[in-house]
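For clarity, every value in this text was computed on a predicted model and none was experimentally measured. Because only heavy atoms are used, hydrogens play no part in the values below, and waters and symmetry mates are left out as well, while side chains stay in.
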Amino acid sequence: WDSAYERELQTFQDIGDAGEVWFGEESMVRIIRWLEKQKVPLDSSVLDIGTGNGVLLIELAKSGYTDLTGIDYSPSAIQLSEKVREKEGMPNIKFKVEDFLAPSAELSGFEICIDKGTFDAISLNPDNAVGKRKQYVESLWSVLKPEGFFLITSCNWTKEELLDEFREGFEILEELPAPKFCFGGRIGNTVTTLVFQRK
C-alpha cells in the first residue's frame, strides 16, 4: 500500500490528481445521502477507517460535517490526504497515521465510523486473515460509541457474510442500494453497503 500511495502522491504533485475513489463517486454519495436522511448532526464525530486519499472526508466537509478524522496505516496515504485537504482548502479535517488493528488510546468516542474497502484489504491478508478480521471488529467496538453507526462498503463480502462477521456487538440497521448485475440468471450486487449500529 505504501508504494501505491507513493505513486499517487507523486501523481498528485505532478498533475493534481487525487487518485482512486474506491467504489466510485456513487458510493460516497450513498453514504452522505444516508447521513443526511437520518439527520445525523453535522458536528457528529466521524472516523474514516483507511482514509487513503481522504476524498470521502473532503466530500463530507463540503456537505457541512465539521468533526472529521481520517486514519491510514500508510504514511504515504496520509501525506497524500493532507495535500488533497490543502488543495481543497479544508484545514479542519484531521489525518493520522494509525494501524486500526492496534489503535492508539486517543482513537475513541466516534459517533460514526466509515469503511470503504479497508475491511476487504484486511480480509485478503495472507497472514492470519481470520485473526485480523476479529481484531478489526474489536477495534471497531472500542473506537465507536455505544449506539454509534458503522457504514461499511465491501466488494468482497455479501450481506450475509458481513452480518456474520459483525454479529458480536453490532446490529444491522439497513442495506443501502447498490448497482446490480445479472449473470447466469442470478442477480447480484457489485458492492455491498451496510449500516450497523453498535449495541
Side-chain angles (χ1 to χ4, degrees), residues 1-13 17-23 27-28 31 45-61 65 67-88 90-145 148-157 162 165-166 168-170 191 193-194 196 198:
W1 288 107
D2 277 335
S3 58
Y5 282 114
E6 279 162 23
R7 281 192 304 277
E8 288 200 359
L9 185 57
Q10 192 57 55
T11 302
F12 183 79
Q13 287 167 337
D17 179 7
E20 188 69 29
V21 175
W22 280 57
F23 307 121
S27 69
M28 291 195 299
I31 290 166
S45 53
V46 178
L47 177 66
D48 185 17
I49 302 163
T51 195
N53 58 14
V55 169
L56 172 61
L57 292 180
I58 300 290
E59 292 306 313
L60 283 166
Y65 291 88
D67 189 354
L68 303 170
T69 302
I71 60 165
D72 206 295
Y73 83 111
S74 166
S76 301
I78 294 301
Q79 271 184 295
L80 174 61
S81 59
E82 287 170 341
K83 294 217 178 285
V84 173
R85 171 186 68 191
E86 228 171 88
K87 180 187 173 204
E88 294 287 341
M90 303 283 183
N92 296 334
I93 302 172
K94 297 179 281 296
F95 290 111
K96 294 182 198 163
V97 176
E98 283 264 4
D99 178 356
F100 191 66
L101 299 183
S104 65
E106 66 195 48
L107 210 65
S108 68
F110 288 93
E111 293 160 285
I112 296 149
C113 288
I114 301 173
D115 178 322
K116 282 170 61 266
T118 300
F119 186 72
D120 286 355
I122 287 168
S123 301
L124 295 172
N125 192 313
D127 177 34
N128 188 18
V130 173
K132 286 187 165 64
R133 291 198 313 265
K134 189 174 179 338
Q135 184 55 54
Y136 179 102
V137 175
E138 287 171 16
S139 295
L140 180 64
W141 171 262
S142 75
V143 303
L144 188 61
K145 278 184 172 174
F149 299 120
F150 172 54
L151 292 87
I152 182 170
T153 302
S154 170
C155 64
N156 291 7
W157 299 92
L162 287 171
E165 291 290 323
F166 292 94
E168 300 276 320
F170 298 91
V191 298
T193 301
L194 301 182
F196 287 93
R198 198 193 120 168

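- Side-chain atoms of Arg198 come within 3.5 Å of backbone N or O of Leu144 as a donor-acceptor pair.
- Atoms CG and CD, from Asn53 and Gln79 in turn, are 14.0 Å apart once rounded to the nearest 0.5 Å.
- The distance from the CD1 atom of Ile71 to the SG atom of Cys113 is 8.0 Å, given to the nearest 0.5 Å.
- In this structure, Lys116 does not pair ionically with Asp48, as no charged nitrogen and carboxylate oxygen lie closer than 4.0 Å.
- The existence of a salt bridge linking Lys96 and Asp72 is excluded, since no basic side-chain nitrogen approaches an acidic carboxylate oxygen closer than 4.0 Å.
- When each of Val46, Thr69, Leu140 is tested with Phe110 by the rule side chain to side chain contact (heavy atoms under 4.5 Å, CB included), just one qualifies, namely Thr69.
- Ser45 places a side-chain N or O within 3.5 Å of a backbone atom of Glu111 that can act as its donor or acceptor partner.
- In this structure, Leu68 CG and Lys94 NZ are separated by 7.5 Å, a value rounded to the nearest 0.5 Å.
- Side-chain contact check for Glu59 versus Tyr65: every heavy-atom pair is 4.5 Å or farther apart.
- Note on ring orientation: taking the six-membered ring where Trp is involved, the planes of Phe166 and Phe196 are tilted (angle from 30° to 60°).
- Taking all atoms of both residues into account, the shortest heavy-atom contact from Ser139 to Pro103 is OG-CD, 3.5 Å.
- Side-chain atoms of Thr193 and Thr153 form a donor-acceptor pair, as typed in the model, at a separation below 3.5 Å.
- Between Glu98 atom CD and Glu106 atom CD the span is 6.0 Å, to the nearest 0.5 Å.
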What verdict does the side chain to side chain donor-acceptor pair (under 3.5 Å) test give for Ser154 and Asp120, after you've listed the backbone C-alpha separation in whole Å, the side-chain angles of each residue and the deciding distance to 0.1 Å?
CA-CA 6 Å; Ser154 170; Asp120 286 355; 2.6 Å; yes
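- A distance-only check finds a donor-acceptor pair linking the side chain of Arg85 to the backbone of Ile93 [under 3.5 Å].
- Taking CG of Asp67 as the reference point, atom CD1 of Ile112 lies at 9.5 Å (rounded to 0.5 Å).
- In terms of heavy-atom proximity, Asn128 sits nearest to Gly131 at OD1-N, 3.0 Å.
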Full working for side-chain contact (heavy atoms from CB on, under 4.5 Å) between Val55 and Met28
CA-CA 9 Å; Val55 169; Met28 291 195 299; 3.8 Å; yes
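- Between Phe100 and Tyr136, the ring center distance clears the sub-6.0 Å criterion.
- Nearest heavy atoms, Ser142 versus Ser108: O-CB, 4.1 Å.
- Salt bridge absent: Lys134 and Glu165 never bring a charged side-chain N and a carboxylate O closer than 4.0 Å.
- Asp99 CG to Ser74 OG: the interatomic distance, rounded to the nearest 0.5 Å, is 11.5 Å.
- Nearest heavy-atom pair, Gly109 versus Lys145, reported as atom, atom and distance to 0.1 Å: O-CE, 3.3 Å.
- Checking side-chain atoms of Asp115 against main-chain N and O of Phe119 turns up a donor-acceptor pair under 3.5 Å.
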Thr51 and Leu57: CA distance, side-chain angles, deciding distance, side-chain contact (heavy atoms from CB on, under 4.5 Å) verdict
CA-CA 8 Å; Thr51 195; Leu57 292 180; 3.9 Å; yes
Pair Leu47-Ile114, side-chain contact (heavy atoms from CB on, under 4.5 Å): steps then yes or no:
CA-CA 6 Å; Leu47 177 66; Ile114 301 173; over 6 Å; no
Check against side-chain contact (heavy atoms from CB on, under 4.5 Å), Val84 and Ile58:
CA-CA 8 Å; Val84 173; Ile58 300 290; 4.2 Å; yes
